[in-house]
Amino acid sequence: MGNSCERPERGMESGMISVDKWSSGSQAYFLTHLHADHTVGLSSAWKHGLLFCSRLTSRLFPCKFPDFDLSLLRVLRVGSWHSITLTTPSSGAPTQVYVKPIDAHHCPGSVMYLFRGKFGYMLYTGDFRWEAAGNEVQSGRTMLLDSLKKRTLNTLHLDNTYCNPRYSFPSREVASKQVVDIITSHPDHDVIIAIDSLGKEDLLLYISRTLNIKVWVWPERLQIMHILGFRSNFTTQTTVTRVRAVPRYSFTTETLEGLNKTRRTIGIMPSGLPWPAKAKEKSVNVFGSSSCSERTAQTSNDDSSNDTISLEEGSIKRYGKYIYVVPYSAHSCFSEIKDFVELLRPINIKGIVSSASCHIDPCYYFDHLCGTQQAFWRSHQKPDNEDQGGNTVEDDVREGDVHSPYSVVRRKKRAMEFFRVSRVQVMRRRSHGSKITDAADDDDE
DNA sequence: GCGATCAGCT
DNA sequence: CACAGCTGATCGC
């Protein structure tokens with residue numbers, strides 16, 4: 001199921017449900033959240049079956065798929081069991097599947113799905129952040145344990161994006177404070193912050209409330225903010241604020257250099273993802289901007305020591321002259337993933353993220369926490385050679401293309417896109433609320 | 001011409 | 001390391 005690894009599903013037959021996978025052949029489709037990498041294959045013309053999602057996702061849905069047939073949407077209430085009748089493919093017999101969405105704290109509307117049926121229990125996390133200190137996770141922990149009722153979780157489909165001990169970063173609350181510190185230590189600068197079409201609203205709200213300013217966003221993004229219920233903290237007027245959130249794809253060193261020709265501007269990149277290792281970057285002390293530049297100058301002729309990236313401090317990095325990288329991540333870091341697996345102790349784990357160059361196999365790290373069936377698969381899975389400094393062919397190829405005239409043209413075009421605010425088409429809003437059907441709650445199963 | 005898919009880039 | 005998402009090329013219809 002889903003875009004997970006190839007191991008056959010033990011419990012559930014194929015052809016029953018799909019999570020974040022949109023090809024035909026399933027009886028029920030579940031959407032965890034609206035980021036593009038989870039909606040590949042989904043379009044306004046899609047009509048392979050019923051689509052289940054959270055209330056908030058259903059409200060945001062028409063922004064991404066304006067002409068989608070909303071009669072196919074079914075809203076599942078977060079924290080409640082819902083009953084769905086499906087057909088067992090092998091026998092043709094009807095069977096009940098129960099599903100409970102649980103807040104994934106990844107982006108607005110994002111949920112994990114806990115399934116229960118003849119196959120036992122299965123949890124599909126989608127993308128998720130499990131900040132143990134937060135109240136939200138405490139209630140999530142309680143909800144998961146109460147839902148499982150001491151039964152075994154057969155299969156955990158896990159967000160393994162940062163499933164490697166090398167990934168260690170602070171909570172989003174801490175990272176948000178770091179961002180505010182950067183802004184206040186640059187009182188005479190404009191600030192641009194890179195964001196995507198959905199996510200990191202908490203960060204922007206924290207900035208807005210702490211500094212008592214509005215944050216500029218582009219028109220489509222303001223529509224999203226309004227749907228999320230944030231009215232007073234955001235604006236599309238450039239004159240009323242020095243802090244602007246811009247699309248990540250328009251956020252480059254060239255953009256910052258261009259902006260600095262007319263106005264002193266810094267960029268902030270909130271991301272759990274380290275920037276490319278060849279970039280010159282340093283840990284900086286936000287609380288004294290003068291010492292930042294000193295340090296940068298000091299080490300600038302010592303490239304060899306800057307090639308490695310360490311995230312263990314969760315520290316702020318400097319990229320180029322104007323860009324700060326702050327460890328604000330919407331995915332769980334390794335210790336959080338570990339806590340999550342220790343809580344659930346499933347029989348099987350499958351990573352939902354696989355990449356060509358580095359398979360981060362959760363089984364490698366968490367086998368000892370799992371059921372006996374893991375042992376069989378472990379013998380087939382080699383741990384990734386994460387500490388061997390792999391001889392990556394890809395890196396060589398990538399470097400060769402960076403300076404092609406073609407890519408320069410494209411970057412300029414993107415940067416221009418960012419300035420042409422008035423051109424941007426304002427997103428269509430539709431009266432869709434009444435057309436979206438709630439799936440019946442089935443709290444007492 | 002249009003949609004789906006993929007490669008490339010950041 | 002690999003996020004989320006844009007752009008452009010290609011292919012089939």
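Chain letters run A, B, ... following the sequence lines, proteins first, then strands; residues in each count from 1.
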How long is the line joining [atom1] of [X] and [atom2] of [N], in whole Å?
X: A/Phe65; N: C/dG5; atom1: CZ; atom2: P; result: 11 Å
X: A/Asp20; N: C/dC3; atom1: CG; atom2: P; result: 14 Å
X: A/Phe169; N: C/dC1; atom1: CZ; atom2: P; result: 17 Å
X: A/Leu34; N: C/dC3; atom1: CG; atom2: P; result: 18 Å
X: A/Tyr249; N: C/dA2; atom1: OH; atom2: P; result: 26 Å
X: A/Asp37; N: C/dA2; atom1: CG; atom2: P; result: 14 Å
X: A/Ile195; N: C/dG5; atom1: CD1; atom2: P; result: 11 Å
X: A/Asp127; N: C/dA2; atom1: CG; atom2: C1'; result: 13 Å

ask   = With a non-hydrogen cut-off below 4.0 angstrom, is A/Ser329 in contact with a base, only sugar-phosphate, or nothing?
value =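 Counting heavy atoms under 4.0 Å across all strands, no contact is made by A/Ser329.
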Taking only the side-chain heavy atoms of [X] (C-beta and beyond), determine which of [options] contains the nearest atom.
X: A/His106; options: C/dA4, C/dC6, C/dC3; result: C/dA4
X: A/Ser197; options: B/dT10, C/dC3, C/dG5; result: C/dG5
X: A/Ala36; options: C/dC3, C/dG5, B/dA4; result: C/dG5
X: A/His35; options: B/dA4, C/dG5, C/dC1; result: C/dG5
X: A/Asp196; options: C/dC1, C/dG5, C/dC3; result: C/dG5

Please list every donor-acceptor pair under 3.5 Å in which a side-chain atom of residues 44-53 of chain A meets a protein atom from a residue at least two apart or in another chain.
from	atom 1	to	atom 2	distance (Å)
A/Ser44	OG	A/Asp67	N	3.3
A/Trp46	NE1	A/Trp22	O	2.8

key: ring pair (Phe, Tyr, Trp, His ring centres under 6.0 Å) against A/Phe340, all qualifying residues, sequence neighbours excluded   =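 Expected list: A/Phe128, A/Trp130.
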ask   = Should the pair A/Lys261-A/Glu257 be classified as a salt bridge under the 4.0 Å nitrogen-to-oxygen rule?
value =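 Salt bridge flag = no for A/Glu257 with A/Lys261.
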query = Below 4.0 angstrom, N of the basic side chain to O of the carboxylate: do A/Asp190 and A/Arg263 qualify?
reply =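 Looking at A/Asp190 and A/Arg263, the cut-off is met.
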message = Quick check: any donor-acceptor pair below 3.5 Å linking the side-chain of A/Arg248 to the base of C/dC3?
response =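 Per atom types, the contact qualifies.
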request  = Determine: side-chain N/O of A/His331 to OP1/OP2 of C/dA4, distance under 4.0 Å, yes or no.
outcome  =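 The answer is yes; a side-chain N or O of A/His331 sits under 4.0 Å from OP1 or OP2.
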key: Side-chain N or O of A/Ser43 closer than 4.0 Å to phosphate OP1/OP2 of B/dA4   =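 Affirmative; the distance criterion is met.
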key: Quiz item: cation-pi between A/Arg221 and A/Phe234, 6.0 Å / 45°   =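 No, A/Arg221 does not lie over the aromatic ring of A/Phe234.
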